[in-house]
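Residues: numbered from 1 along the sequence shown. Only this structure's heavy atoms are used, side chains among them; waters, hydrogens and symmetry mates stay out.
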Amino acid sequence: QVQLVESGGGSVQAGGSLRLSCVASQYIVGGACMGWFRQTPGKEREGVALLVTGSGATSYADSVKGRFTISRDSAKNSLNLQMSSLKPEDTAMYYCAATRMLYFGNCRLDLTYDYWGQGTQVTVSS
């Protein structure tokens with residue numbers, strides 16, 4: 001099965017930057033959805049940024065637009081999230097995920113994401 005491993009989390013002051021990386025053990029075929037999600041205790045899981053593997057189209061939560069950038073390096077089987085101008089409310093456990101089924105652009109948070117990483121903690125202090 002596909003395994004995803006995140007890295008790059010840590011502690012940073014407000015206004016700082018972090019780059020998260022997710023490496024997949026196998027190639028994720030075009031048409032699948034991949035994305036970054038975040039969650040804090042007692043809060044519903046939030047989709048931060050989504051990417052359509054086949055086309056490269058991206059979408060972002062309103063709360064991170066203009067500050068976060070999602071990208072994929074197909075050759076390295078990696079998914080990245082560049083985060084800048086970080087705010088305390090960005091503090092969360094961040095996960096990368098991918099679908100097994102092919103949705104061909106119809107990527108949403110409520111799809112069945114079959115593959116998940118273990119998460120990497122991001123803490124932003126003010």
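Aromatic rings from Phe37 and Trp116 are positioned such that their centres are separated by under 6.0 Å.
Tyr94 and Val48 make their closest contact through CE2-CG2, 4.2 Å (heavy atoms, listed as atom of the first residue, atom of the second, distance). The shortest non-hydrogen separation linking Tyr115 to Val2 is CD2-O, 3.5 Å. Cys107 and Leu51 get closest at one heavy-atom pair: SG-O, 4.2 Å. Residue Ser63 comes nearest to Arg38 through the heavy atom pair OG-NH2, 3.4 Å, listed as atom of the first residue, atom of the second, then distance. Scanning both residues, Ala97 and Leu4, for their nearest heavy atoms gives CA-CD1, 3.7 Å. The shortest non-hydrogen separation linking Met83 to Leu20 is CE-CG, 3.7 Å.
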Using the rule given for side chain to side chain contact (heavy atoms under 4.5 Å, CB included), can you reason through Gln82 versus Ser17, listing the C-alpha separation, both sets of side-chain angles and the distance that settles it, and then say yes or no?
CA-CA 8 Å; Gln82 177 65 48; Ser17 300; 4.1 Å; yes
CA sep, side-chain torsions, deciding dist, call: Asn77, Gln26, side chain to side chain contact (heavy atoms under 4.5 Å, CB included)
CA-CA 7 Å; Asn77 279 338; Gln26 299 179 19; 5.8 Å; no
As a quick check of understanding, evaluate side chain to side chain contact (heavy atoms under 4.5 Å, CB included) for Leu81 and Leu79, giving each step before the final call.
CA-CA 7 Å; Leu81 185 68; Leu79 183 73; over 6 Å; no
For Leu18 and Val122, run side chain to side chain contact (heavy atoms under 4.5 Å, CB included): C-alpha distance rounded to whole Å, both residues' side-chain angles, the deciding distance at 0.1 Å, then the answer.
CA-CA 9 Å; Leu18 285 173; Val122 172; 3.9 Å; yes
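A donor-acceptor pair shorter than 3.5 Å cannot be found between the side chains of Gln39 and Arg45.
Side chain of Thr53 to backbone of Cys33: no donor-acceptor contact under 3.5 angstrom is found. Of the possible polar contacts, none joining the Tyr103 side chain to the Leu111 backbone as a donor-acceptor pair under 3.5 Å is found. Using modelled atom types, no side-chain atom of Ser85 and backbone atom of Gly15 make a donor-acceptor pair closer than 3.5 Å.
Tyr60 and Val124 fall within the same hydrophobic cluster, defined by Ile, Leu, Val, Met, Phe, Trp and Tyr side-chain heavy atoms under 4.5 Å apart, directly or through other members. Following chains of ILVMFWY side-chain contacts shorter than 4.5 Å, one can reach Phe104 starting from Val29, so the two form part of one hydrophobic cluster.
How far OG1 of Thr58 is from CZ of Phe68: 14.0 Å, rounded to the nearest 0.5 Å. Atoms OG and NZ, from Ser21 and Lys76 in turn, are 9.0 Å apart once rounded to the nearest 0.5 Å. Atom-to-atom distance recorded for Trp36:CH2 and Asn80:CG is 7.5 Å, nearest 0.5 angstrom. In this structure, OG in Ser74 is found 10.5 Å from CD1 in Ile28, a value given to the nearest 0.5 Å. The CD atom of Glu6 lies 9.0 Å from the CE atom of Met93; values are rounded to the nearest 0.5 Å. Atom OG of residue Ser59 and atom CG of residue Leu50 lie 4.0 Å apart, to the nearest 0.5 angstrom.
More than 12 heavy-atom neighbours from other residues, nucleotides or ligands sit within 6.0 angstrom of CD on Glu89. Within a 6.0 Å sphere centred on CZ of Arg100, heavy atoms belonging to other residues, nucleotides or ligands number 12 at most.
Contact check on Asp90 versus Lys87 returns no salt bridge, with no Lys/Arg side-chain nitrogen under 4.0 Å from an Asp/Glu carboxylate oxygen.
Test Thr91, Val12, Thr123 against Leu86 for side chain to side chain contact (heavy atoms under 4.5 Å, CB included) and you get one pass: Val12.
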